[in-house]
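Input: a single structure, listed below in structure tokens.
Everything numeric here is computed off the predicted structure, so don't read it as measured data. A note on names: the letters A, B, ... follow the listed sequences, proteins ahead of strands, and every chain is numbered from 1.
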Amino acid sequence: MSNELPKTYEPAAIEAEAYRVWLDENCFHAEPSSPGEPYSIVIPPPNVTGALHLGHAINSTLQDILIRKARMEGRNAVWIPGIDHAGIATQAVVEKQLKERDNLTRHDVGREGLVKRIWEWKQQYGDRIISQLKRLGCSCDWDRTRFTLDEMCAKAVRETFFKLFKDGLVYRGKRLVNWDVHLQTSISDDEIYHETVQTHLWHIKYPIVDSGEDPRLEVQVSGKSERPVAGMALEPQVSAQGTDEFGEPLQTFSDDEGSRIDLSNDNAPDPVDYNKTGLRTASTGPSPRPTFLVVATTRPETMLGDTAIAVHSEDPRWNWAIGKFVELPLTGRKIPIIADDILVDPKFGTGVVKVTPAHDPNDYSVWQRHLSQLDAIDIINIMNPDGTLNDAAGKYKGLALNKARHAVANDLKDQGLLIKEEPYETQVGHSDRSKTPIQPYLSDQWFVKMAPLAEPALRVVRDGTIQFFPERHAQQYLSWLGEKRDWPISRQLWWGHRIPVWTGDAKQLGMTIFAADAADAKVISPMTIHAGDAGNLHRTVKIGGVEISVQTAFVNEEQVAFVCVPPGSTKTEQELERLGFVQDPDVLDTWFSSALWPHSTLGWPEQTPELAKWYPTSVLLTGRDIITLWVARMVMMGMYNMGQRPMGVQPVSPAAGEVTTDHALANVENFDPKHREPEQTLPVHEYAQNTQGRDARGRAEDLGIPFYHVAINPTILDGKGERMSKSKGNGVDPVDVIDTHGADALRFTLATMATETQDVRMPVKKDAQGRNTSDKFDFGRNFCNKLWNASRFVISNLELTAALGSEAQARNQNNKTAERKQNSDSSSVNPALKSLPDRWIVSRFNATVDEANKALSAYRFDLYAKTCYDFFWRDFCDWYVEAVKPTLKTESGGNSLAIVTQILDGVLRLMHPLIPFITETIWWKLNELAPDRAGLGTVHKRLIHSAWPQAGTIDAQAEERFTLVQEIIVAIRNVRNEHKADPKKPVVVRLESGTIPWLKDEHRLIETLAVCRIHSEPDPNAIRVSAGGAEIYISGLIGPATDKLRQTTQKEALVRKIAAMKSRLGNEAYTAKAPAALVEETRQQLAQAEAELSKLE
RNA sequence: GGGCCGUUAGCUCAGUUGGCUAGAGCGCCUCCCUUACAAGGAGGAGGUCACAGGUUCGAGCCCUGUACGGCCCACCA
């Protein structure tokens, strides 16, 4: 009894036990010094913010499949787990908790206090995530668990930041950022969602001040301008690489783009439609012109920060006013009317736009565009970080924005400047974290220059060094990276890697550092921070072995120095602080540390054995939503830090001129190629082998790419097709599913869903215990149950045989070395094959292994699971086991028991990566009863460390023959069923198969599986059917009526088929152009169909 | 507005370089609790492959267009 598997499959019991054993025996741990070709994966670190959902579950399952397979293939496989600190998200959650529990803000507890609390949160939820991964069966090397905020990562972050700073790829600039007024931090574009709000469009009069033409402008009032119109007059220094000096994407214009309007076009606005615009004309002058312009805005309060009015240069209604001024209502400031053909769409609104550079992204672009032009405009910030108005707002100072809006609108109304207030629907950006509206806000931020980093990262995907699966996802990567928009990396948060820059009086620095060791102080590169700001410098010096990189800038007429030092320069940091320098209070964008993940987890910047062995990693598995945010940045930073060539500092644009190449060698010095193992060969996947061989890997190493393959897993949606998320409440905790169905069932089902189609719908239901689960997982659970029971069957037979000292087993001992050539732990099935079913099932197994290999090397996890399913359930259980069942325990069973055992052995190996718990558990049991698998030799104690099955040869003849036998059996069953034959009572069958001489050898098989007796006496009343060229006469059934029907249907089908084939063959084009083999095949089929038909007449 | 993807059985989805009667699971119908498994077994019904053109001897598959759905990016004051 102890030898038996429990009668019912209960995943909960076996899963806990199997995982415990794996952990106890350290099965997941890898060492770089171990033998085997490297195979490595780094987990996309889940956010510590919350628990894992099904999206993580599918992602983790697929990685585990790859790692377990690689491990079984004898590779030195490591899967590095970890968690992301998820800056904003985590801080927001903890702050919210602080507020709700203790009614405290972060300012009450202070920076240290808050960070301490977040660490406590991290401990709790990090542990939860790890335990979820363990429940899933993930075979991560837990000894190597990392956190994006741990010391190793911190060091990598500091090193990288310093490199970037030194290379001039980090710069500080004023930029309009998305400001979360509630959290008082800037947030990235991707942390914003848009919400439709009902608001108003306020139409406001801006009186034109007649007295002043803008003296800075050359006169040009009518349609055609003498000088290039604004918007086309982009800075000549803008590089061809697509960014200006701020890294803004270069916008290119051509005459056929929408920025110009064609006045002959009917769609162009009525030249002067005063009714439409609500304008009045002045009574004097040769041509009537309005005395004011009307602006329509959704945000009247921002007019306090207006610095210009913009119109389209070719809009005849207003272009005469370009160069004049308006008086800004409520403030009395005089602001210019400028032309900006990018901002202004004459067809929209009044064709007149207020420009508020400090509070609107588009207006900010206007400011930038006009910065070095004659018509440069001001930029005025009217907002405090907390969302109230500042001194610049005059009497509105101190009001919150929404209050100011109404105050402004009311005052305008009082002054008769508000023409109308029309209801308007618009989209307003909201912070994903605080759910409050985002304010564009002008602030000082650090940026990473993208162009030099993006270029190489684009190249390696274009040239196929990095491959996407499915391939089409590369497009998203390429198009996003192609924009090369600079990356704002400052976050006004306390939770994260603090920016390693100290700010202070440049004069202090000069006296102490520069002057102290002037001979040693080597100027490494000049840098311009803002165009036109003379005196801004960028120097990197080396003093006493410590590198110090300095950027200077003028702030309020004072020269301020920004100093960056590499990690481990504590003394220098202290010295700086003694001099009054203060460290930047901001932290880095979370993605900054995530971008380093593949190499930082392996120990970089130290040249660790892990890095040498496992970098580049073999594949990255992730969702398509972070191809840009994460994948692209990992490639960039991987190449920047790990590449042997200093690509990060190659001057991509001579015009940029800010970065010199002479310090590029600094990167090379960091890199010690000796740590490489030149004998390393390819990663596992076939395609790489048949393309460039080991050169590919060598080249990839030179380039420093973090992975060769990017496999994109599908997004899991709920039953309504909506993305799962916690806020929607439609998320499913994988642990809930594991509780209801088991981890193997979850894994199996998720794998079948990992198709190339992007999204998977998952109808969710709540069970009695309130757990979110889905009937979808019944599929996997049923499969596991089937495996459980089939294994029980095999094991019960082994027990019996063992008890009786089976002859079959003894015989197999003799056969065991007959044809085997593999090592002792091989799973190749190759006993002495006798019967057709034996030959067939072995051939099918071999084909299945082959298909599984192909599927997995293409990351087609669904095909892998499907292949396993079809072979195990359909071929093995439904056919083979049923075929050998009656004779299994008898002498005449031949070596079927051996084959059943060996196939089970192979199936366990083949499916272990997919359903590790159940396969491992059965493996143990199988080891007890058949330690040598009836002749295969010694097997490994643990399946996790056993060999991946080898695909042996395909027996085409056996497959062909067995297929025919199947057809005959199905035909007989069919008739039996239609006649409601007693399932246990055999029918009498006569087979006419003169053309198939070998068929008589399989009569016994047919009798078994079709429940019949085969006789040779003709019966005139027999029901006749045909299958695969054999005529089948079935006697002993009543009810020929249905047979008539069936024969009629069959006949009709044949007639149709014959007609179709005849017409095809009658078509000369077909016989001439189609492949000869196909035509011949058609002829044979036609002949066969006609023969069948004639027999049915 | 730009780009990408999808539309195949009642539901969820496969369908390889175009090639015989388009498949699976679930659900449904009939029969069967046969000592591995009713979470099972045997059989069955069910599809004008979104629509319209085109290429081809031949189209679910390739091309063009349309409709509907989804995603990403940019978002008009």
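As rounded to the nearest Å, B:rU66 and B:rC72 have P atoms that lie 24 Å from one another. Distance check on atom P: B:rC28 versus B:rC11 gives 15 Å, rounded to whole Å.
By the 4.5 Å heavy-atom criterion applied to side chains, A:Val900 and A:Tyr880 are counted as neighbours. Side chains of A:His741 and A:Thr749 form no contact here, defined as non-hydrogen atoms less than 4.5 Å apart. Contact of the A:Val295 side chain with the A:Val353 side chain is not registered, since no non-hydrogen atoms from C-beta on lie closer than 4.5 Å.
The CG-P distance, from A:Leu1009 to B:rG43, rounds to 11 Å in whole Å. Between the P atom of B:rA36 and the CZ atom of A:Phe793 lies a distance of 6 Å, rounded to the nearest Å.
Residue-to-nucleotide proximity on RNA chain B shows that, of A:Thr752 and A:Trp480, the 5′-proximal contact is made by A:Thr752. Nucleotides of RNA chain B nearest to A:Pro983 and A:Val794 differ in position, and the one nearer the 5' end is that of A:Pro983.
Side chain A:Glu882 to base B:rA42: no donor-acceptor pair is found below 3.5 Å. At a cut-off of 3.5 angstrom, the base of B:rC37 holds at least one donor-acceptor pair with the side chain of A:Lys786. Between the side chain of A:Arg781 and the base of B:rA39, at least one donor-acceptor pair of N or O atoms lies under 3.5 Å.
Nucleic acid contact for A:Phe783: none, since no nucleic acid atom lies under 4.0 Å from a heavy atom of the residue. Residue A:Gly623 is out of contact with every strand shown, counting any heavy-atom pair closer than 4.0 Å. Using a 4.0 Å heavy-atom cutoff across all strands shown, A:Asp982 reaches no nucleic acid atom at all. Heavy atoms of A:Ile627 sit nowhere under 4.0 angstrom from any nucleic acid atom. Looking at heavy-atom distances under 4.0 Å, A:Trp873 makes contact with sugar-phosphate atoms alone, never a base. Within the nucleic acid shown, A:Cys784 has no heavy atom closer than 4.0 Å to any nucleic acid atom. If you check every strand for non-hydrogen atoms under 4.0 Å, A:Arg860 touches sugar and phosphate atoms only. Contacts of A:Val970 with the nucleic acid, taken as non-hydrogen atoms under 4.0 Å apart, involve only primed sugar atoms and P, OP1 or OP2.
Checking the phosphate oxygens (OP1, OP2) of B:rC76, a side-chain nitrogen or oxygen of A:Asn362 falls inside 4.0 Å. Between A:Asn977 and B:rG44 there is no side-chain N or O to OP1 or OP2 distance below 4.0 Å. For A:Arg472 and B:rC72, the shortest distance from a side-chain N or O to OP1 or OP2 is not below 4.0 Å. Listed pair A:Arg973 / B:rG43 meets the phosphate criterion, a side-chain N or O lying under 4.0 Å from OP1 or OP2. Phosphate contact (OP1/OP2 of B:rA36, side-chain N/O of A:Lys885, threshold under 4.0 Å): present.
Comparing B:rA77, B:rC71, B:rG25 by their closest approach to the side chain of A:Arg624 singles out B:rC71. Here B:rA39 is the nucleotide among B:rA39, B:rG41, B:rC71 with the atom lying nearest to any side-chain atom of A:Asn782. Nearest nucleotide to the A:Cys877 side chain, out of B:rG19, B:rG25, B:rA36: B:rA36. In the set B:rC37, B:rA24, B:rA39, the nucleotide with an atom closest to the side chain of A:Tyr9 is B:rA39. With B:rU34, B:rA77, B:rA36 as the choices, the nucleotide that has an atom nearest any side-chain atom of A:Lys984 turns out to be B:rU34. Nearest to the side-chain atoms of A:Lys354 among the listed nucleotides B:rA77, B:rU34, B:rU30 stands B:rA77. Closest to the A:Arg874 side chain, of the nucleotides B:rA39, B:rG25, B:rA36, is B:rG25. Nearest to the side-chain atoms of A:Asn974 among the listed nucleotides B:rA36, B:rU12, B:rG44 stands B:rG44.
Between A:Asp982 and A:Lys984 there is no salt bridge, since no side-chain N of the basic residue sits under 4.0 Å from a carboxylate O of the acidic one. Here A:Glu882 pairs with A:Lys885 in a salt bridge; the nearest charged N to carboxylate O distance falls below 4.0 Å.
Using a 30° and 60° split on the angle between ring planes, A:Tyr9 and A:Trp788 fall in the tilted class, from 30° to 60°.
Judged by distance alone, the side chains of A:Thr752 and A:Asp862 never bring a donor and an acceptor atom under 3.5 Å apart.
With a cut-off of 3.5 Å on both Watson-Crick or G-U wobble distances, the partner of B:rU64 is given as B:rA52.
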